[in-house]
A.B. asks: 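Quick one: this structure, given as structure tokens, is what I'll be asking you about.
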Amino acid sequence: MLRPNFYVHPSLDRAGRYRRDTEWIARVTISEHTRILPVWQGRNLIVGPPEAPHVAMVPATEAWWRGAAAETVMLGIDGDVTYLAVDVSGIADPAADPVLAGFGSFLDLRAVGPLLPHEEGALLAYARGMVWWHSRHRFCGVCGSPTVSSDAGHRRDCTNPECRTQHFPRTDPAVIMLIHDGDRVLLGRQKAWPPGMHSVLAGFLEPGESLEDAVKREVLEEAGIRVDDVRYHSSQPWPFPQSLMVGFTGRAVTSDLQVDQDELESAAWFERDWLRRHADDESFRLPRRDSIARRLLEDWLADE
């Protein structure tokens, strides 16, 4: 069994059976066993020292959040604890809020995610993604009328009685692939990345395309390499803002690179032994530790 990637929470019961149970929802929103995960302008509430951060969970019995919440989403249940995501972006300055400031600071998950316990990071990613979706679907994409939240935050309904379109949270599938030719791996670099950072290639799925075909197409388009033996590895929700990264490995059947400069600043083959010996520096570094890109590379480097 593969170990879970970052931002994956295997033990979370998403409790879809309760999303339309208004009496159950009313009870959990005031229960002492319910915890609130506030999201402010795309940031999550964090507590603890910078080297060991943790999620800051607000008890649902703290009544202030009901007035501050722009949206509330029931995330699920783990053990006897129910988790709710709450959008508090309307608060002008959380650091000055007399109640909220006492619980922690709002930080970008991309900065602290690799340092969080996996289950906590997964909860925050889920909360961030759902709040982001609500903030961008306040109007119907069919008729333009306002929408309202339903199903405990997992659906938005058009308020126009002649339309009544139901809108659901969207996830954009993307393939990410480690391409090798045995003891070499293909890594690329984008201009916008931190100094020295290299990673495996990735790209979004196109309509009518299989995941395996997307792997082959993206590698050919970005690096000019033809690929065979495409195999599924694992997947990872990536809430920046709403992607699902589907990881694969593939074997290169050609080796001459033809880099698309609109997509990549550079691409090159790297020897397995060299990567094992090299320590990250400004000239070359591996992807961030919470990414499936790093997981793909670490598993390949560990393979004999």
Side-chain angles (χ1 to χ4, degrees), residues 1-8 110 113-114 125 171-194 196-276 278 280 284-304:
M1 184 67 114
L2 288 171
R3 58 186 169 90
N5 289 313
F6 275 83
Y7 307 125
V8 175
R110 286 169 288 194
T171 297
D172 295 330
V175 291
I176 183 165
M177 44 274 177
L178 183 144
I179 305 303
H180 65 91
D181 65 358
D183 284 327
R184 297 190 307 171
V185 65
L186 175 61
L187 299 180
R189 170 170 170 75
Q190 295 184 6
K191 293 179 181 178
W193 288 351
M197 193 183 103
H198 289 68
S199 184
V200 298
L201 305 188
F204 285 104
L205 190 72
E206 294 188 350
E209 186 176 44
S210 71
L211 294 166
E212 294 82 359
D213 285 344
V215 168
K216 296 177 180 180
R217 174 184 55 80
E218 285 287 346
V219 178
L220 184 61
E221 289 178 353
E222 294 188 0
I225 299 297
R226 296 190 179 277
V227 175
D228 200 355
D229 193 23
V230 176
R231 301 186 183 190
Y232 175 75
H233 178 279
S234 63
S235 63
Q236 178 188 42
W238 193 247
F240 308 112
Q242 56 183 25
S243 298
L244 175 69
M245 307 302 295
V246 187
F248 291 89
T249 62
R251 180 177 292 274
V253 296
T254 60
S255 59
D256 292 336
L257 293 167
Q258 299 177 21
V259 179
D260 181 351
Q261 298 293 332
D262 291 331
E263 294 288 339
L264 299 173
E265 181 181 60
S266 63
W269 293 102
F270 292 85
E271 297 281 349
R272 194 194 313 257
D273 288 343
W274 184 87
L275 290 171
R276 285 170 172 169
H278 182 78
D280 285 352
F284 181 92
R285 66 180 67 248
L286 294 178
R288 48 189 292 163
R289 290 192 296 116
D290 61 341
S291 67
I292 189 175
R294 182 65 169 254
R295 170 72 181 279
L296 287 166
L297 280 163
E298 288 177 345
D299 284 0
W300 181 78
L301 289 172
D303 188 3
E304 297 299 334

A.B. asks: Quick one: does Glu265's side chain get under 4.5 Å of Gln190's, heavy atoms only?
C.D. replies: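 They are not in side-chain contact.
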A.B. asks: Could you tell me which non-hydrogen atom of Arg3 sits nearest to which non-hydrogen atom of Glu298, and how far apart they are?
C.D. replies: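 That closest heavy-atom pairing would be NH2-OE1, 3.9 Å.
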A.B. asks: If you compare all heavy atoms of Val219 against all heavy atoms of Val227, which two are closest, and at what distance to 0.1 Å?
C.D. replies: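 The pair with the smallest heavy-atom distance is CG1-CG2, 3.6 Å.
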A.B. asks: For Phe270, give me all partners under ring pair (Phe, Tyr, Trp, His ring centres under 6.0 Å), at least two apart in sequence or on another chain.
C.D. replies: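 Phe270: ring pair (Phe, Tyr, Trp, His ring centres under 6.0 Å) contacts with His198, Trp274, Phe284.
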A.B. asks: Under 3.5 Å, is there a donor-acceptor pair linking the side chains of Asn5 and Ser234?
C.D. replies: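 There is such a pair between these side chains.
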A.B. asks: Tell me whether Arg294 is salt-bridged to Asp290, with the criterion being a basic N under 4.0 Å from an acidic carboxylate O.
C.D. replies: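 So Arg294 does not pair with Asp290 through a salt bridge.
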A.B. asks: Return the set of residues passing salt bridge (Lys or Arg N to Asp or Glu O under 4.0 Å) with Arg289 (not counting sequence neighbours), or none when no residue passes.
C.D. replies: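 With sequence neighbours excluded, Arg289 shows a salt bridge (Lys or Arg N to Asp or Glu O under 4.0 Å) to no residue whatsoever.
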A.B. asks: What are the two closest heavy atoms between Leu211 and Val175, and how far apart are they?
C.D. replies: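 Taking Leu211 first and Val175 second, the nearest heavy atoms are O-CG1, 3.7 Å.
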A.B. asks: Looking at every heavy atom in both Ser255 and Arg184, which two are closest together, and how far apart are they?
C.D. replies: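 So the two residues come closest at CB-NH2, 3.8 Å.
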A.B. asks: Is the shortest side-chain N to carboxylate O distance from Asp229 to Arg231 below 4.0 Å?
C.D. replies: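 Looking at Arg231 together with Asp229, the answer is yes, because their closest N to O distance falls below 4.0 Å.
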A.B. asks: Looking at side-chain heavy atoms only, is the closest gap between Arg217 and Glu209 below 4.5 Å?
C.D. replies: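 They are in side-chain contact.
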A.B. asks: Provide the closest heavy-atom pair for Phe204 versus Ser243 in the form atom of the first, atom of the second, distance.
C.D. replies: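 Heavy atoms of Phe204 and Ser243 come nearest at CE2-OG, 3.6 Å.
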A.B. asks: Do the non-hydrogen side-chain atoms of Glu263 and Glu221 ever get within less than 4.5 Å of each other?
C.D. replies: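 Result no, sub-4.5 Å side-chain heavy-atom pair not found.
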A.B. asks: Could you report the tightest heavy-atom contact between Leu275 and Trp300, atom names first, then the distance?
C.D. replies: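 Answer, listing the atom of Leu275 first, then Trp300: CD1-CZ3, 4.1 Å.
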A.B. asks: Find out whether Arg288 and Arg110 are in side-chain contact, i.e. whether some heavy atom of one side chain is under 4.5 Å from a heavy atom of the other.
C.D. replies: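 Arg288 vs Arg110: side chains touch.
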A.B. asks: Would Arg251 and Asp228 pass as an ion pair if we require N to O under 4.0 Å?
C.D. replies: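 Salt bridge between Arg251 and Asp228, a charged N being under 4.0 Å from a carboxylate O: no.
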A.B. asks: For a 4.5 angstrom cut-off between non-hydrogen side-chain atoms, does Val259 reach Glu222?
C.D. replies: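 No, every pair of side-chain atoms sits at 4.5 Å or beyond.
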A.B. asks: Are the side chains of Leu297 and Val185 in touch, meaning some heavy atoms are under 4.5 Å apart?
C.D. replies: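 Counting from C-beta outward, Leu297 and Val185 do come under 4.5 Å.
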A.B. asks: Would you check if Met245 and Trp238 make a side-chain contact, meaning some heavy-atom pair closer than 4.5 Å?
C.D. replies: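 Heavy-atom side-chain distance check passes, below 4.5 Å.
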